[in-house]
Amino acid sequence: MSEPAAQRNVLCMKWGTKYGPEYVNALFAMVRRHLTGDFRFVCLTDDAAGIRPEVECLPIPTLDIRPEQPGVPDRAWRKLTTFVGDLHGLHGTALYLDVDVVVVGSLDPFFELPGEFLIIKDYKRAWRVTGNSSVYRFTLGAHADVLANFQRHEADIRHRFRNEQAYLSDYLHRQGKLAYWPAAWCPSFKYHSIPTWPLNYWQEPQVPHDARVVIFHGECNPPDALLGKRNRRFRYIRPARWVATHWRE
């Protein structure tokens, strides 16, 4: 049975300066176009400036952890605060989306697929349980132990796990609660949209078949993909013109 519209929440997070408000604004617009019925769209953020008024901007719950060492990328441990027992009084089901994804198909099935906790299966490490936390769904307040356990054992967890999604996947897998989205729903732009060499020199990236949310990780973000830019030398891509159709405020 699908979730009543009044209990559907779409969450995202924005902290620091890596992503500007245009990412949140574009994400809201994409969700509005691809999710039928009513829902609450909430951005947990440390800076609401420039974010469109339709978005509920709420503070990121406090997570008192040691900062990353200089030169070490942000490992997104803040995302674990979505599992706090009381997230600003929100209730029902939450679909979390990273702000740098591109929604290209209906999001309704993400609220309809059975499962206690659903996440993307990691693209490169198929033999591991690790998920990609760009898109995950859970019942608000139902997994407060995920955050509580991290807070009790932060040093050990950060030593054992590379980032929050590795810890999160392992913890819920051990409880028998982890499940994955159908592989076609959340393809990787890097692995599934960009043509293989040497076709990448004359064929532009495409939207994979049956895709609903295209995940941008590792090498470029949606605005860069639209311009044909990557952050790796000698890895050419043509402009992904389809991004402009979807990633817009």
Only counting residues at least two apart or in another chain, list the ones meeting side chain to side chain donor-acceptor pair (under 3.5 Å) with [X].
| X | value |
| --- | --- |
| T82 | Y136 |
| E204 | R241 |
| S134 | D98, N132 |

(request) Step by step, work out the side chain to side chain contact (heavy atoms under 4.5 Å, CB included) result for K14 and I51. (result) CA-CA 11 Å; K14 182 182 81 70; I51 295 177; 4.0 Å; yes
(request) Take N149 and Y167 through the side chain to side chain contact (heavy atoms under 4.5 Å, CB included) test and state the conclusion after the steps. (result) CA-CA 10 Å; N149 182 68; Y167 159 67; 3.2 Å; yes
Whether [X] side chain and [Y] backbone form a donor-acceptor pair below 3.5 Å:
| X | Y | answer |
| --- | --- | --- |
| N200 | R235 | no |
| N25 | G50 | yes |
| N9 | H91 | yes |

Interatomic spacing from [atom1] in [X] to [atom2] in [Y] - rounded to 0.5 Å:
| X | Y | atom1 | atom2 | result |
| --- | --- | --- | --- | --- |
| F83 | T81 | CZ | OG1 | 9.5 Å |
| F111 | L95 | CZ | CG | 4.5 Å |
| F28 | E54 | CZ | CD | 4.5 Å |
| R33 | S106 | CZ | OG | 13.5 Å |
| Q151 | I157 | CD | CD1 | 10.0 Å |
| D122 | S133 | CG | OG | 10.5 Å |

(request) Kindly write out the residues that satisfy side chain to side chain contact (heavy atoms under 4.5 Å, CB included) with A48, not counting sequence neighbours, or none if the list is empty. (result) T45, C57
(message) When you compare the side chains of N221 and Y23, does any donor N or O come within less than 3.5 Å of an acceptor on the partner?
(response) yes
(message) Can you list everything that forms a salt bridge (Lys or Arg N to Asp or Glu O under 4.0 Å) with E56? Sequence neighbours excluded, please.
(response) R40
Of all the heavy-atom pairs spanning [X] and [Y], show the shortest one and how long it is.
| X | Y | result |
| --- | --- | --- |
| A225 | F216 | CB-CE2, 3.6 Å |
| V55 | C43 | CG1-CB, 3.7 Å |
| K229 | C220 | O-CB, 3.4 Å |
| A144 | V84 | CB-C, 4.5 Å |
| T130 | A166 | CG2-CA, 4.0 Å |
| A29 | R248 | CB-O, 3.3 Å |

Do the side chains of [Y] and [X] get nearer than 4.5 Å, heavy atoms only?
| X | Y | answer |
| --- | --- | --- |
| W247 | E22 | yes |
| F41 | R32 | no |
| Y171 | L80 | no |
| H34 | R212 | no |
| P59 | H88 | yes |
| D47 | T17 | no |
| R230 | Y236 | no |
| L11 | L87 | yes |

(request) Could you point out which residue of V104, L107, I120 forms a side chain to side chain contact (heavy atoms under 4.5 Å, CB included) with V213? (result) L107
(message) Applying side chain to side chain contact (heavy atoms under 4.5 Å, CB included) to F110 and R137, what does each step give before you reach the verdict?
(response) CA-CA 8 Å; F110 287 88; R137 192 199 74 202; 5.6 Å; no
(request) Verify the cluster assignment for L35 and L113: are they in a single hydrophobic cluster under the rule of side-chain heavy atoms below 4.5 Å apart? (result) yes
(message) Between Y191 and V101, is there shared hydrophobic-cluster membership here, with clusters defined by ILVMFWY side-chain heavy atoms closer than 4.5 Å?
(response) yes
(request) If a pair satisfies side chain to side chain donor-acceptor pair (under 3.5 Å) and one of its residues is in residues 174-190, list it, with sequence neighbours excluded. (result) D145-Q175, D170-R174, Q175-K177, S188-H217
(message) Run F138 and L172 through side chain to side chain contact (heavy atoms under 4.5 Å, CB included) and show every step you take.
(response) CA-CA 11 Å; F138 64 104; L172 290 174; over 6 Å; no
(message) For W77 and F150, take the angle between the two ring planes, folded into 0 to 90°, and tell me which bin it lands in: parallel under 30, tilted 30 to 60, perpendicular over 60.
(response) parallel
